[in-house]
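Throughout, protein chains are lettered first and strands after them, A, B, ... in sequence-line order, and every chain is numbered starting at 1. From a predicted model like this one, the values you see are computed outputs, not experimental measurements. These numbers come from the heavy atoms of this one structure, side chains and all, not from hydrogens, waters or symmetry mates.
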Amino acid sequence: MKFAVVEFPGSNCDHDAYHATKHVLGQDAEFVWHKDADLGGADVVVLPGGFSYGDYLRTGAIARFSPVMARVREFADAGGPVIGICNGFQVLLEAGLLEGALLRNRDLKFLCEHVHIRIERTDTPFTAGAVAGQVLRVPIAHGEGNFHASPETVAALEANRQVIFRYCAEDGELSDRSNPNGSVSAIAGICNAGRNVVGLMPHPERACESMLGSTDGRVLFESVISSIAATGVV
Amino acid sequence: MSIDQTTIDAHGFSPEEFQRLLEILGREPTMTELGIFSVMWSEHCSYKSSRLHLRRFPTEGPRVVQGPGENAGAVDIGDGITAVFKIESHNHPSFIEPYQGAATGVGGIIRDIFTMGARPIALLNSLRFGELDDPATKRLIDGVVAGIAGYGNSIGIPTVGGEIAFEPGYAGNPLVNVFCLGVAKADGLAMGLASGAGNPVYYVGAKTGRDGIHGATMASAEFDEHSADKRPAVQVGDPFMEKLLLEACLEVMRTDALVGIQDMGAAGLTCSTSEMGARGDVGIEIDVALVPQRETGMTPYEIMLSESQERMLLVAQRGREAEVERVFAKWDLHAVRIGQVTDDGLLRIRDHGEVVAEIPNRPLADRAPLYDRPTERPAYLDDVAQLDLATLAPPTDLGQVWLDLLGTPVIASKRWVYRQYDHMVRTNTVVLPGLGAGVVRVKGTTRALVFSLDGNGRHCYLDPAEGGRLAMAEAARNVACAGAVPIGATNCLNFGNPERPDIMWQFSQAVDGIAEACRALDVPITGGNVSLYNETDGQAIYPTPVLGVVGVLDDVSHVLTRVFPEPDLDIVLLGDPAGGLGGSEYLKQHHGLVRGTPCAVDLDRERALQGLLVDAAQGRWIRSAHDGSDGGLAVTLAECCVESGTVGAQIDLPSWDGADDRFGVVQALFGEAPSRVIVSVAAGQRDQLLSSARERSVPATVIGSTGGDRLRLAVAGQSVADIGVDEAEHAWGQGLTRHFER
Amino acid sequence: MKTRVFVTLKPSVFDPQGRTIVEALGSMGYASVHDVRQGKYFELEVAAATVDEARATVSEVADKLLANPVIESYRVEVDGDDGP
Amino acid sequence: MKTRVFVTLKPSVFDPQGRTIVEALGSMGYASVHDVRQGKYFELEVAAATVDEARATVSEVADKLLANPVIESYRVEVDGDDGP
Ligand SMILES: Nc1ncnc2c1ncn2[C@@H]1O[C@H](COP(=O)(O)OP(=O)(O)O)[C@@H](O)[C@H]1O
Ligand SMILES: [Mg+2]
């Protein structure tokens with residue numbers, strides 16, 4: 001299984017995603033530079049976290065014009081699994097591969113801490129190995145993770161079962177207190193209509209080794225590895 | 001054109017200094033030359049008041065790869081890896097513009113580390129402000145923390161720990177010290193040195209503007225009501241540019257097309273060109289017209305003195321230019337050739353070809369002024385040493401005092417601060433902030449690096465030499481509490497005006513204390529920073545040395561934190577039960593007094609204790625370890641219980657001579673003393689721990705056990721305080737945060 | 001040619017920064033300020049032969065890059081133009 | 001009363017965001033945009049009897065809170081006022 005980790009200028013979780021997929025999960029992984037002409041024959045594309053272009057102007061706003069994004073779009077259109085983590089999620093939204101936008105956190109501060117998220121749907125390649133309702137303990141680290149979309153869009157996302165992760169308490173209950181950034185409907189991550197493109201604010205790649213305090217993030221990577229092995233997609 | 005006296009004075013030259021300048025040049029200086037000498041000989045760049053004293057630090061040891069003198073120090077951590085680290089202050093800029101001042105401080109220390117060829121992997125910060133009841137102080141803190149976060153988070157280096165304290169003396173002069181650590185292959189260190197006549201000199205990074213001209217001189221002058229006039233000296237940080245520079249420079253260093261590299265920090269092009277030349281004993285010639293400029297009409301003087309951020313100077317091998325340029329181009333950076341290395345030993349500055357400055361490099365550096373400033377023991381010391389407990393009323397509700405102490409901002413949880421910092425990026429952070437020293441693993445090895453920043457201005461104010469010893473001992477102890485062996489130290493010496501003999505005395509005493517502790521603990525100083533003139537309207541801050549100690553833990557799986565992990569463990573106090581109230585947090589909070597003398601540290605005992613901790617961690621005899629500092633044993637114990645769920649503790653502290661005195665119990669609970677650590681131990685390992693402690697003459701007393709959901713404290717069998725873990729958690733959790741909630 | 005672009009959050013989008021400012025102003029004694037919305041402001045220097053050309057370029061740039069249509073709207077001003 | 005405040009970095013202060021935007025526009029084919037400065041834009045609703053009163057309040061607010069006088073300058077506009 002080969003993961004492509006896309007590097008934009010200013011990406012800073014690129015090595016973390018690489019480490020998690022290659023060294024922890026033992027898969028093939030390769031960096032793809034944002035000016036590269038192809039995705040190196042990857043089976044899965046990861047848009048990692050960080051501050052592409054310094055997050056200047058708006059998070060993800062400039063990165064989405066990088067040449068590699070045209071390749072990512074083709075890959076996604078062909079059904080290839082794509083995951084955007086944190087800044088990667090922001091890039092996917094700006095690029096229109098996912099719907100919605102991310103505003104500044106409700107209390108205007110950058111937040112780095114472990115939170116709980118509930119897996120809402122298991123019919124995406126990144127959650128197929130999980131159980132619906134399963135609660136993960138994973139870190140967040142962002143200043144602009146407050147998911148926003150118009151009420152119609154939110155309703156459509158819900159109706160089409162595109163809300164994949166919600167912030168919750170340890171027991172899976174939703175509450176204002178367990179929503180760290182003010183996201184509408186506690187949305188922590190969504191997928192596209194085709195269900196192969198997933199974006200989320202929390203960092204599963206930071207939760208793959210017990211030494212780092214949680215291994216709950218592995219299920220996302222393990223899911224996509226077995227999904228691909230099972231379907232032989234791409 | 002000859003330069004008039006007013007101009008000379010404005011550049012801060014003393015008559016003798018100017019005379020020396022004339023001797024070196026053998027003629028009158030040009031304006032550009034005057035500017036260059038002025039910044040190079042400023043306190044900030046030349047350390048003219050402190051250099052003499054800093055020589056007393058021990059700087060050598062088997063692990064030292066690079067001692068003081070380069071951009072950062074370096075120690076060997078094994079496995080062919082070198083840890084490179086240093087601390088830097090950005091006190092004055094942060095007071096003028098908290099966000100940008102703190103942010104550019106972080107940017108500066110990061111450049112110092114990657115300039116050495118090391119990949120930065122961790123940041124720490126040490127902060128001092130006035131008391132939190134002042135809204136202006138809160139705004140300052142808000143800005144400083146956001147600035148550190150803004151820069152560190154963006155560039156992707158985790159801020160894994162630090163310290164923050166509040167004392168009235170810092171209200172007009174906050175301290176913002178930042179520490180960065182990186183790792184490099186042992187043979188991969190780069191040096192800030194030029195060599196090889198004809199080799200090209202490159203400029204890369206942000207364009208030069210009129211930023212911070214005379215910033216270096218600003219950091220060397222006291223604040224007064226006219227400081228506002230110096231405001232244009234503020235710069236805006238660009239972490240994105242620095243991220244590109246960091247990656248590109250590390251990539252260039254891997255090519256061996258590089259001869260030397262140096263960041264442009266204080267005094268920008270001036271400092272980098274002359275220092276690189278002086279270190280290599282060569283000349284450097286540049287043309288300022290080739291320097292990329294952001295503003296029009298800049299004079300050579302301005303270009304040479306600009307402190308625009310995010311710029312690097314490098315010397316490449318002649319003939320390998322294309323390789324260097326290609327790497328920078330990949331990162332959308334433009335490396336511009338602005339000159340070359342020469343063999344005449346001169347710093348020659350041209351402007352469109354015309355020579356505007358020509359200064360012999362070595363004398364500019366080597367003959368910088370060096371002062372043995374007069375010292376005099378301050379008169380206040382005799383007064384503040386007097387602490388007469390007989391005039392004070394002991395508290396009646398010890399549980400309440402306990403909770404109050406837990407809720408004071410300096411002791412309370414720092415979560416409000418560190419959750420604004422990305423402390424997990426790079427996936428190496430093995431111990432999250434708030435649980436003890438910073439711990440990051442080194443991927444590809446079994447090792448972890450452990451570091452702590454510690455300082456206590458109040459102790460140094462009451463006794464600067466003891467304060468220096470205590471700060472060094474505490475920083476090393478915090479590292480040992482995680483199970484790591486301290487192997488190197490850096491320090492940031494924040495003091496007032498060195499031209500005042502009492503301040504200079506404090507400085508000299510503190511250096512002596514630190515040096516003594518370093519020798520006793522066998523931890524060399526590999527570098528540091530001095531920040532003087534920390535005064536507002538003649539009112540100096542507490543003398544505040546901040547020590548940064550780096551340790552290595554051979555097997556990361558042995559790491560310890562402060563938290564009692566489960567019930568039914570024995571709690572053992574390593575060290576003396578007795579603590580003193582002189583200079584304690586209790587005395588300040590409960591009686592409003594900063595008096596007495598802090599308990600002295602017995603350095604032999606300290607060394608034995610740290611050795612015991614390291615062995616106990618390695619042998620897995622203990623389950624947690626926490627250094628007792630502010631607030632005494634009661635506070636230390638409560639800190640072992642909070643954030644761990646509901647593991648409480650029952651404690652019975654022994655009585656000791658004088659325990660029947662009115663303040664005996666207070667001293668048992670809240671008295672402070674160095675060389676004390678609370679550890680938890682499973683029944684099976686207890687005897688091993690106790691006998692090993694006995695062998696090393698470290699006092700060890702079983703004082704209780706973990707469990708339950710309350711913290712019960714007795715002294716000599718007599719119950720004295722009993723609080724719920726949840727109460728403690730609440731007081732401690734909200735103590736700092738509540739000041740910032742809307 | 002000097003041009004200016006104003007980007008504001010759409011009225012339906014909650015603006016936490018604006019709210020924070022209103023609250024801060026309230027506690028500072030400026031209760032008369034009862035609503036604040038924060039947006040972005042850009043000054044762009046454009047090489048263009050005519051005001052119309054400048055307006056066209058800048059509108060395109062605002063559309064594609066400066067504003068995110070999901071949450072923001074924008075307005076363009078060109079020196080020497082009174083607007084459409 | 002509707003008022004607007006424009007906050008910009010002082011001309012001598014470096015604007016990293018502006019520079020990054022210009023470079024991005026360059027690589028997107030908008031080389032004619034040769035300078036961008038990014039600032040902040042605020043819309044404030046103020047209860048005031050006169051334009052002058054509104055202007056005075058908002059100027060004070062801009063001074064104290066909206067702009068950072070160390071690195072920024074600001075301009076105030078009030079509906080129905082042609083400026084001072
Ligand atoms: N400014 C700060 N930045 C990041 N972490 C901090 C800061 N201040 C304190 N911390 C963290 O909070 C914890 C408690 O700090 P402190 O009270 O100074 O500990 P100790 O008394 O053990 O030295 C430590 O883990 C420290 O790293
Ligand atoms: Mg401390």
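Taking the side chain as every heavy atom from C-beta outward, Leu44(D) and Asp35(C) never approach each other to under 4.5 Å.
If you take OG on Ser32(D) and CD on Glu45(C), they are separated by 11.0 Å, rounding to the nearest 0.5 Å. One finds the OG1 atom of Thr8(D) at 11.5 Å from the CZ atom of Arg4(C) (value rounded to the nearest 0.5 Å). The CG atom of Leu66(D) sits 8.0 Å away from atom CD of Gln38(C), with the distance rounded to the nearest 0.5 Å. A distance of 5.5 Å separates NZ in Lys64(D) from CE in Met28(C), rounded to the nearest 0.5 Å.
Contact of Met1(C) with chain D is not made at all, since no heavy-atom distance falls under 4.5 Å. Contacts between Leu65(D) and chain C at a heavy-atom distance below 4.5 Å involve the side chain alone, from C-beta outward.
No more than 12 heavy-atom neighbours from other residues, nucleotides or ligands sit within 6.0 angstrom of NZ on Lys2(D).
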* Asked: Going through the distances and angles, do Tyr30(C) and Val46(D) end up as a side-chain contact (heavy atoms from CB on, under 4.5 Å)?
  -> CA-CA 9 Å; Tyr30(C) 294 97; Val46(D) 192; over 6 Å; no
* To do: Determine, step by step, whether Phe42(D) and Gln17(C) satisfy the side-chain contact (heavy atoms from CB on, under 4.5 Å) criterion, reporting the C-alpha distance in whole Å, the side-chain angles of both residues, the deciding distance to 0.1 Å, and the verdict.
  => CA-CA 10 Å; Phe42(D) 300 89; Gln17(C) 306 197 66; over 6 Å; no
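Ranked by heavy-atom pairs under 4.5 Å with chain D, the list Val33(C), Val22(C), Thr57(C) is led by Val33(C).
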